[in-house]
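Scroll down for the structure; my scribbles are underneath it.
All values below were derived from every heavy atom in this structure, side-chain atoms included, with hydrogens, water molecules and symmetry-related copies excluded.
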Amino acid sequence: MLERRTPHEELVDHLVRSTPLARGEAARVVLDVLAYFDETIEEYTRRRHRELQGRGLTNPVIFARIAKELTHRAVAPPRLSERQLRRIVYG
C-alpha cells in the first residue's frame with residue numbers, strides 16, 4: 001500500500017527515527033499538532049471559554065487564564081485585554 005506523503009516529511013522522518021511511532025502514526029501526529037496550532041485566536045478563545053465554563057469557572061478567572069495561555073501559543077498573538085476576549089466570545 002502506498003503511503004500518503006505530507007509536506008512535513010523531514011519532521012515525520014525525525015519522529016519515526018526518534019520514537020516508536022510507525023510512519024503513518026507519526027504523520028497523523030504531525031497533522032494533528034499542525035491543526036491544533038492552526039486554530040485562530042478567536043476559535044481558541046471560544047473553545048477554551050466553553051471548556052473552562054463547563055468546569056464551573058467564572059468569566060474573570062476564565063479570561064485571565066485564556067490571556068495567559070495565549071502567550072504560550074507557537075506564534076503568540078498580541079496581548080488581549082479581558083474586554084477584547086469578552087468581545088470574541090460574546091460579540
Side-chain angles (χ1 to χ4, degrees):
M1 170 159 61
L2 291 174
E3 292 185 24
R4 193 171 109 215
R5 303 298 284 178
T6 71
H8 306 285
E9 287 305 309
E10 287 183 38
L11 180 55
V12 172
D13 291 342
H14 172 73
L15 288 173
V16 169
R17 283 191 310 272
S18 64
T19 70
L21 294 174
R23 182 161 203 78
E25 294 168 323
R28 191 186 78 237
V29 167
V30 168
L31 293 176
D32 286 348
V33 169
L34 291 172
Y36 175 81
F37 284 111
D38 196 35
E39 197 173 35
T40 67
I41 296 168
E42 291 80 6
E43 292 166 337
Y44 179 84
T45 299
R46 288 183 189 111
R47 177 178 60 78
R48 285 299 287 151
H49 183 269
R50 280 190 309 273
E51 292 170 357
L52 297 171
Q53 198 173 45
R55 294 183 192 167
L57 298 177
T58 61
N59 277 342
V61 173
I62 291 171
F63 293 130
R65 183 174 295 182
I66 291 171
K68 183 177 179 183
E69 289 174 359
L70 285 172
T71 66
H72 299 289
R73 300 288 290 175
V75 178
R79 200 171 282 276
L80 300 174
S81 69
E82 181 178 330
R83 182 177 181 199
Q84 290 170 309
L85 293 169
R86 186 179 302 279
R87 282 190 153 172
I88 289 172
V89 172
Y90 296 112

Spatial distance of atom [atom1] ([X]) from atom [atom2] ([Y]) [nearest 0.5 Å]:
X	Y	atom1	atom2	result
Glu82	Asn59	CD	CG	7.5 Å
Leu11	Leu31	CG	CG	10.0 Å
Arg50	Thr45	CZ	OG1	10.5 Å
Phe63	Leu57	CZ	CG	11.5 Å

Show your reasoning for whether side chain to side chain contact (heavy atoms under 4.5 Å, CB included) applies to Glu9 and Arg23. CA-CA 10 Å; Glu9 287 305 309; Arg23 182 161 203 78; 2.4 Å; yes
Are the side chains of Asp13 and Arg17 in contact, using a 4.5 Å heavy-atom criterion? yes
Taking C-beta and beyond as the side chain, do Val89 and Ile62 meet within less than 4.5 Å on heavy atoms? no
Tell me the closest heavy-atom pair linking Val12 and Ala27, and the distance in Å. CG2-CA, 3.8 Å
So, for Val16 and Ala26, which heavy atoms are closest and what is the spacing to 0.1 Å? CG2-CB, 3.9 Å
For Val29 and Glu25: C-alpha separation, side-chain torsions, deciding distance, then whether side chain to side chain contact (heavy atoms under 4.5 Å, CB included) applies. CA-CA 6 Å; Val29 167; Glu25 294 168 323; 5.5 Å; no
Across all chains, not counting sequence neighbours, the side-chain contact (heavy atoms from CB on, under 4.5 Å) partners of Arg48 are Tyr44, Glu51, Leu52, Arg55, Arg65, Ile66, Glu69
For Arg47, does the CZ atom have more than 12 heavy-atom neighbours from other residues, nucleotides or ligands under 6.0 Å away? yes
Run the side chain to side chain contact (heavy atoms under 4.5 Å, CB included) check on Leu70 and Leu85 step by step: do they pass? CA-CA 11 Å; Leu70 285 172; Leu85 293 169; 3.9 Å; yes
State plainly whether the residues Arg46 and Glu42 are in salt-bridge range, i.e. N to O under 4.0 Å. no
Can you pull the ring-ring contact (aromatic ring centres under 6.0 Å, His included) pairs that have at least one residue in residues 12-31, sequence neighbours excluded? none
